[in-house]
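Shown next, in structure tokens, is the structure this report addresses.
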Protein chains: 2
Amino acid sequence: MGNWTIEEIKNFLIKNGIRPSFYRLKIYQYLLNERTHPSADEIFLYLKKEIPTISRATIYNTLNLFLNKRLVQLINLERDEARYDATLSWHAHFKCLNCNKVFDFHIESLKLKGVEGFQILEKQLNLAGYCAQCQKK
Amino acid sequence: MGNWTIEEIKNFLIKNGIRPSFYRLKIYQYLLNERTHPSADEIFLYLKKEIPTISRATIYNTLNLFLNKRLVQLINLERDEARYDATLSWHAHFKCLNCNKVFDFHIESLKLKGVEGFQILEKQLNLAGYCAQCQKK
DNA sequence: CAAATAATTATAATTATTATAAAATTAAAA
DNA sequence: TTTTAATTTTATAATAATTATAATTATTTG
């Protein structure tokens with residue numbers, strides 16, 4: 001964690017047409033440097049420790065802004081809460097049903113039938129089960 | 001639509017350890033015969049026409065029962081509403097961002113890297129974009 | 001039939017997310 | 001710099017999907 005500097009993030013946001021306000025920087029920094037696929041509430045609770053005045057609405061506004069500008073991708077791993085990922089490459093997400101951790105898997109290949117004529121703009125491959133650690137128990 | 005008879009569905013539920021109450025039969029019949037990947041509310045509104053006394057709680061109870069007994073699969077195609085599918089085979093779901101229709105795609109092959117040691121119990125491949133029809137406009 | 005069990009309903013509670021309007025901040029113009 | 005305009009953030013209320021609860025109804029079993 002902690003590989004991107006605030007200055008680099010600032011330039012990146014500007015390059016993507018987003019005014020780099022303090023909160024936006026902090027939210028994007030969190031997504032980038034802690035790649036835990038957090039939910040909006042996890043981001044809120046984390047930043048609240050450092051910035052007690054921050055509001056949930058800001059988190060949602062900012063995440064929706066990032067989604068629209070395609071800076072982050074949405075993960076619908078569970079039915080009740082959306083997660084966000086600053087890694088844009090096409091990869092799978094696995095959720096352990098025991099420890100609730102989310103793992104990334106690289107997708108080597110995928111072949112679909114019948115997609116001719118369809119314009120596919122978004123893809124999500126979501127998996128669930130038990131991770132190696134939790135199976136030992 | 002309408003290929004399974006009530007009698008067949010009844011036997012199928014019993015075989016899966018589910019008491020075949022009237023409402024359960026109707027809900028499973030709807031999922032089977034109209035394969036539109038409905039949300040809980042769509043099922044509720046449809047059955048309400050025929051059975052005005054039916055309650056939303058029954059729909060949710062029954063769908064969760066079917067999920068636990070693995071008679072249906074959950075689809076998290078959109079962040080705000082779950083959909084249900086009585087087809088259990090592994091296939092992809094595509095949602096048209098214009099007409100909101102859901103299409104099934106057959107998956108010919110999928111290769112993942114790094115899954116050794118993981119026990120994968122659930123898989124979902126969700127796509128979004130524009131269907132052939134809507135692209136012409 | 002009576003007792004026990006299970007299913008269903010109506011309602012309230014919970015919770016993630018969005019909408020709204022006011023306040024605060026930042027940028028632009030004079 | 002001061003004023004004005006635009007944007008961002010906040011606090012709060014509103015929505016909406018889902019779950020929890022407790023009472024009622026239906027079904028099964030002895």
Side-chain angles (χ1 to χ4, degrees), chain A residues 6 9-10 13-14 16-30 37-69 71-85 95 100 102, chain B residues 6 9-10 13-14 16-30 37-69 71-84 95 100:
Chain A
I6 281 284
I9 295 172
K10 194 169 177 175
L13 290 187
I14 292 169
N16 281 277
I18 295 173
R19 306 248 295 257
S21 77
F22 177 63
Y23 297 96
R24 290 170 177 175
L25 284 170
K26 295 303 282 183
I27 292 168
Y28 193 60
Q29 184 185 40
Y30 182 69
H37 318 85
S39 64
D41 214 57
E42 276 164 28
I43 300 172
F44 171 73
L45 292 175
Y46 178 84
L47 293 180
K48 203 179 167 55
K49 287 184 287 182
E50 200 184 329
I51 315 154
T53 56
I54 201 168
S55 146
R56 266 194 184 81
T58 301
I59 308 290
Y60 281 107
N61 287 343
T62 304
L63 288 171
N64 283 331
L65 177 69
F66 288 171
L67 279 176
N68 291 335
K69 298 278 184 177
L71 254 63
V72 300
Q73 62 175 311
L74 185 68
I75 315 173
N76 289 315
L77 258 181
E78 37 248 292
R79 95 167 95 181
D80 60 333
E81 203 174 31
R83 292 171 172 273
Y84 301 85
D85 193 346
K95 184 180 178 183
N100 292 321
V102 178
Chain B
I6 281 285
I9 295 172
K10 195 169 177 173
L13 289 188
I14 292 169
N16 282 277
I18 294 174
R19 307 246 298 256
S21 76
F22 177 62
Y23 297 96
R24 289 171 178 176
L25 284 170
K26 297 302 282 183
I27 292 168
Y28 194 60
Q29 185 185 41
Y30 182 68
H37 318 86
S39 65
D41 214 57
E42 277 164 27
I43 300 172
F44 171 72
L45 292 174
Y46 177 87
L47 292 180
K48 203 178 167 58
K49 287 185 287 184
E50 197 183 330
I51 316 153
T53 56
I54 202 169
S55 146
R56 266 195 183 83
T58 301
I59 309 289
Y60 282 107
N61 287 343
T62 304
L63 288 172
N64 283 331
L65 178 69
F66 288 171
L67 278 177
N68 291 334
K69 298 278 187 180
L71 256 64
V72 300
Q73 62 175 311
L74 184 68
I75 315 173
N76 290 315
L77 259 181
E78 38 246 292
R79 91 168 99 180
D80 59 334
E81 203 174 32
R83 292 171 172 273
Y84 301 85
K95 182 177 182 188
N100 291 323

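Chain A is the first sequence line, chain B the second, and so forth, proteins listed ahead of strands; every chain is numbered from 1.
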Looking at A/R79 and B/E81, is there a salt bridge between them, counting it only when a charged N and a carboxylate O are closer than 4.0 Å?
no
Could you tell me whether the side chain of A/T58 and the main chain of A/I54 form a donor-acceptor pair under 3.5 Å?
no
Short question: side chain of A/R24, backbone of A/R19 - any donor-acceptor pair under 3.5 Å?
yes
Above 12 or not: heavy atoms from other molecules or residues under 6.0 Å from CZ of B/F44?
yes
How close or far is atom C1' of D/dT8 from atom CG of A/L63, stated in whole angstroms?
15 Å
Show me the pairs that pass salt bridge (charged side-chain N to carboxylate O under 4.0 Å, His left out) and involve residues 37-48 of chain A, at least two apart or across chains.
A/D41-A/R56
Figure out the CZ/P separation between B/F44 and D/dA16, and round it to whole Å.
15 Å
Check whether A/R83 reaches the backbone of A/H37 with its side chain - one donor and one acceptor, N or O, closer than 3.5 Å.
yes
Readout for nucleotides 14-21 of chain C: B = base within 4.0 Å of protein heavy atom, S = sugar-phosphate only, - = neither; 5' to 3' it is --SBB---
Between A/S21 and D/dT9, is there a contact of a side-chain N or O with OP1 or OP2 at under 4.0 Å?
yes
Distance check, rounded to the nearest 0.5 Å: B/L77 atom CG versus B/N100 atom CG?
10.5 Å
I need the CD1-P distance between B/I18 and C/dA6, as an integer number of Å.
15 Å
Quick check on DNA chain C: between B/Y23 and A/R19, whose nearest nucleotide comes earlier from the 5' end?
B/Y23
Report the residue from B/Y46, B/Y84, B/F66 that forms a ring pair (Phe, Tyr, Trp, His ring centres under 6.0 Å) with B/Y30.
B/Y46
Rounded interatomic separation in angstrom, taking NZ from B/K10 and C1' from D/dT27
12 Å
Proximity to DNA chain C (any heavy atom under 4.0 Å), residues of residues 46-55 of chain A only
none
Value in whole Å for how far the P atom of D/dT9 lies from NZ of A/K26
14 Å
Figure out the CZ/C1' separation between B/F66 and C/dA7, and round it to whole Å.
13 Å
Here the pair of heavy atoms bringing A/G17 nearest to A/K69 is O-NZ, 3.7 Å
For D/dT9, take OP1 and OP2 only and decide whether either is under 4.0 Å from a side-chain N or O of A/R24.
yes
